[in-house]
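For reference, the structure discussed in these notes is given below.
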Amino acid sequence: MSKLPVLTRLAWRYLWRNHRRTIIMLSAVSIGVWAMIFMTALTRGMVDQMIKDGISVMPGHVQVHNPLFLDDPSVSNRIAIGDEQLGRLFDGAGFSGWASRVKVPAVITSERESRGVTLLGIDPVAEREFSFVSYDDVEGRFLEDVNDNGVVIGRKLADTLETRVGKRIVLMSQDPDNEIADRGFRVIGLFEASMPAFEEAYVFIGKKAAQKMLRIGDTTTEIVFVGDDYRNVEPTYELATAIVDDSLEVSRWYEIDTYLGTMLKVMDGFVLIWVVVIFLALSFGLVNTLVMAVFERIREIGLMLALGMKPASILGQIIIESMLLLLVGLLIGDVLAWATIQPLSGGIDISVVAEGMEMMGASSILYPKLYLSDMILANVVVLILGFLASLSPAWRASRYEPVEAITKV
Amino acid sequence: MNIVLRLAWRNLWRQPRRTWLTIGAMVFSNTLLVFLISIQFGMYGLMIDNTLQVFTGHMQVQVPGYKDDQKMRQTVSDVVPLASTLRREFPGGSIAARAWAFGLASSEERSYGVGVFGVEPEFEPTVSSIPGLVKEGRYLRDADAMEIVIGAILARNLRVAIGDELTLLGSGRDGSFAAAVVNVVGIFESGVADVDRNFAQLPLATFQDMFYMEGAGHQVVITAATLDDAEVLRPEIAAALPSDANLVVHDWDVLQPGLKQAIQADMSSAFFMYGILVILVAFSVLNTQLMSVLERTHEFGIVMSLGLKPGRLGRLVMLETALMGMLGLILGAIAGAIFTSWFTANGLSIPGMEEMAANFNLPARIFPEVTPWTMVAGPLVVFLFTLLAAAYPALRLHRLHPVEAMRAN
């Protein structure tokens, strides 16, 4: 172990003996590492945004429904607990945010057109923090409280319906007795969303107005809970499960939107595969460099062995040489990645393919996301695999017969 | 064999391990490229075909503006006669007229908003896969029967079975109230939740009666034998349209901009990855060739003092690289084809990807297909970059002074 500083110094000097070769290999490692991290940051950014958008529309990390509701979203399958009692159950129970809401499919009709939408009867105060609509950016105004009698619709939907703030529309759905329930509302606000599809799909009215229109007393169809981190929903899930009884179904976000759930899993797999593939492409050059480095100093290695250096020290020296090369390459690659991602953190506008991104469920601005864990993964994978790749040339170097090696031309 | 060629070949094998490692890098990248490109383009083809055959077809005749707003009054007048005229003139294409409206479908127990298509029962099967996907009951038969075919999820949500009645409510072309009672005769199941939940089809004449269309519709769908044929067909159709009718022909990529853009977005990220692989191989080659030139400095000095021009030596180095590149190309293309063929026979499925695949109308198991193009496209690019990488060592020879070079080593 005490030989380590000497060996490291030797290895470092050998590395710069043929500086051209080292520089070429360093460039290759740096570009490879840069590509690993850069590409990962781009895709991470995209998936993160997709999931955040998806969760903000759902909304919530955990939702509670009547077990029949997800398959048959009708008010007949509502949660049979009144709002007051819900408040007693959940207020102060330790949730970062929660809200109960009425969510049913409905038809919206203007004098020109009609479309199918999801009708949301909400408590605008409770949902302010986690709604996908930013209340202050609404043209006109957003709902003020549960008793608000207006309707807020998306800008795109307003265009299709040829309606605007101040005009009236009719909402039509179904009450628990399967009778048509409809009511006229005045449009009080138009919202914009990160994805046009949201602007077409959702219509907001006050919770009380919805309950009255659908004749469901003070009950709702869905309770949503927001935790702190979408990657760790278990605390929220357990808290919710402990409070509600078995007659209700508690689901995590990735169980409700299985597409998003898979995206997250596929993403983790992709990062690892991408890093390994790039390393493999690099490894041929790395092994080649080491083989050459050993080959051109066979005589010196022979001499060292003849002078009594242990084969293990030769082995160590070659491996240290490879590790030094990789470490410097990693350092440059990491800095390069950071330096290219940082200026892009304000978002990359890819709206030329906006509709394509929407098909994937992503918005048209891409925010690259540099995770420390991804960076560590890339660095660790490169070092471990690099160590394994250098074992064979290093082993061969340490096995030379001193006399044969010295006499080799 | 040409003497230069023989020389180049022999030089290559002076350091067999180094040459094989460099070729190894090429084979690795080429195998990966062949495999990925085969999957990628096969997937694009499937995505396009599967998406277009649901409703869109290869092109549609509409009035300008309809594709963006889909408003009831943006109609093609006398749509059935127009479709039959086109059908007569273009026997190579499959052509059918359609109308579309949004309505509320009510069964005894449930009401849901649905997109209702009015279709020509006789011709719809030639342009859409929906008629073939009827799993229960039968498809529509008469042009004016009071019948409806609905998606499987919609049927489940509405709680209706074959033979049950549905009430359809909507607004007609003139904004008046439209209603009809129809019989469910068929239930289709496409496997795409959005389609199975949101759509229904009526015979076109029934639709026109119900919505006061006065013979008008919204689109004439045209499908050619292949996508390439469609490109030829489009201008011909456009020319054949009555000049006074204010009609346009839209290509599939205009009707489904998301599809093309999703492909573009995917392509750009794929090309970034391929580019990195190719660059890493190029560095590997650069390193190898530079080393091989440097270690021959002495020998090159001798042949140059004997009168050999640096240009010829440079060509020798390029030829060595080309030979090496050719080996990499051939072995890589073959390895890639074999590797991919295994998946052609057995199919490739990534566990957990079914959801994602369904989002793009893709089957859960993909059978990549090797075509001559996918087999050589990637390897050819690698080959070109290989030559490019060798240019530096080759050009360096021009700076070589015979006397100094001979003194080297």
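Worth knowing before you read on, the calculation uses all heavy atoms, side chains too, and leaves out hydrogens, waters and symmetry mates. The model shown is predicted, which means the values in this text are computed figures rather than measured ones. Throughout, protein chains are lettered first and strands after them, A, B, ... in sequence-line order, and every chain is numbered starting at 1.
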Q. Where does B:Ile263 contact chain A at under 4.5 Å (heavy atoms): side chain, backbone, both or neither?
A. neither
Q | Shortest non-hydrogen contact from A:Val275 toward A:Ala378 | A | CG1-CA, 3.9 Å
**Q.** Part of A:Ser76 lying under 4.5 Å from any heavy atom of chain B
**A.** side chain
Q. Is it the side chain or the backbone of B:Asn157 that comes within 4.5 Å of chain A heavy atoms, both, or neither?
A. both
(Q) Using heavy-atom distances under 4.5 Å, tell me whether B:Ser268 contacts chain A through its side chain, its backbone, both, or neither. (A) neither
Q. Should B:Arg156 and B:Glu109 count as an ion pair when the cut-off is N to O under 4.0 Å?
A. no
Q | Largest heavy-atom contact set with chain B, pairs under 4.5 Å, which of A:Arg115, A:Glu113, A:Met25, A:Met39 | A | A:Arg115
Q.
Looking at B:Glu295 and B:Arg14, is there a salt bridge between them, counting it only when a charged N and a carboxylate O are closer than 4.0 Å?
A. no
Q.
Counting only non-hydrogen atoms closer than 4.5 Å, does A:Val277 touch chain B with its backbone (N, CA, C, O), its side chain (CB onward), both, or neither?
A. both
Q | Side chain to side chain, B:Val116 and B:Trp100, heavy atoms closer than 4.5 Å | A | no
Q.
Salt bridge check, A:Arg44 against A:Asp268: does any charged N sit closer than 4.0 Å to a carboxylate O?
A. yes
**Q.** Residue, of A:Thr258, A:Ile23, A:Thr43, A:Leu161, that accumulates the most heavy atom pairs under 4.5 Å with chain B
**A.** A:Thr258
Q) Taking every heavy-atom pair that is under 4.5 Å apart, which of A:Gly285, A:Pro73, A:Ser283 has the most such pairs with chain B? A) A:Pro73
Q.
Please classify the contact of B:Leu259 with chain A as side chain, backbone, both or neither, using a heavy-atom distance under 4.5 Å.
A. both
Q | Region of A:Thr289 in contact with chain B, defined by heavy-atom distances below 4.5 Å | A | side chain
Q | Among the listed options B:Gln256, B:Arg17, B:Gln264, B:Met72, the residue most often paired with chain A at heavy-atom distances under 4.5 Å | A | B:Arg17
Q. Which region of A:Asn18, side chain (C-beta onward) or backbone (N, CA, C, O), has a non-hydrogen atom less than 4.5 Å from a non-hydrogen atom of chain B, or is it both or neither?
A. side chain
Q.
Check A:Arg17 with A:Glu300, please: is the shortest side-chain N to carboxylate O separation under 4.0 Å?
A. yes
Q: Taking all heavy atoms of B:Phe28 and all of A:Leu280, pick out the closest pair and write down the distance.
A: CZ-CB, 3.3 Å
Q.
If we ignore hydrogens and angles and just use 3.5 Å, is the side chain of A:Glu199 paired with the main-chain N or O of A:Lys156 as donor and acceptor?
A. yes
Q) By a 4.5 Å heavy-atom criterion (distance strictly below it), what part of A:Ile180 contacts chain B: side chain, backbone, both, or neither? A) side chain
Q.
Over 60° means perpendicular and under 30° means parallel, so tell me whether B:His218 and B:Tyr66 are parallel, tilted or perpendicular.
A. parallel
Q) Where on B:Glu108 is there a heavy atom nearer than 4.5 Å to chain A: the side chain, the backbone, both, or neither? A) backbone
Q: Go through the atoms of A:Met172 and report whether side chain, backbone, both or neither lie under 4.5 Å from a heavy atom of chain B.
A: side chain
Q. Can A:Arg78 be said to sit on top of A:Phe69's aromatic six-ring, NZ or CZ under 6.0 Å from centre and within 45° of the ring axis?
A. no
Q: Please say whether more than 12 non-hydrogen atoms of neighbouring residues, nucleotides or ligands are located less than 6.0 Å from CZ in A:Arg396.
A: no
**Q.** Interchain contact, A:Asn77 with chain B, by part (heavy-atom threshold 4.5 Å)
**A.** side chain
Q: For the pair A:Arg155 and A:Glu200, find out whether any cationic side-chain nitrogen is under 4.0 Å from an anionic carboxylate oxygen.
A: no
**Q.** Largest heavy-atom contact set with chain B, pairs under 4.5 Å, which of A:Pro105, A:Ser173, A:Ser74
**A.** A:Ser74
Q: Measure A:Val287 against the heavy atoms of chain B and call it side chain, backbone, both or neither at under 4.5 Å.
A: both
Q: Measure A:Glu162 against the heavy atoms of chain B and call it side chain, backbone, both or neither at under 4.5 Å.
A: side chain
(Q) Can you tell me if B:Phe385 has over 12 outside heavy atoms packed within less than 6.0 Å of its CZ? (A) no
Q: Find the one option among A:Leu42, A:Thr109, A:Val352 whose heavy-atom pairs under 4.5 Å with chain B are most numerous.
A: A:Val352
Q | Segment of B:Ser106 engaging chain A (4.5 angstrom heavy-atom cut-off) | A | side chain
Q.
Between B:Gly258, B:Gly113, B:Gly115, who has the most heavy-atom pairs with chain A when the cutoff is under 4.5 Å?
A. B:Gly258
Q: Against chain B, work out which of A:Arg112, A:Lys265, A:Glu111 has the most heavy-atom pairs shorter than 4.5 Å and name it.
A: A:Arg112
Q: Please state whether the side chain, the backbone, both or neither of B:Met273 comes within less than 4.5 Å of a heavy atom of chain A.
A: both
(Q) We want to know whether A:Ser390 and A:Ser322 form a side-chain donor-acceptor pair, criterion being a heavy-atom distance below 3.5 angstrom. (A) yes
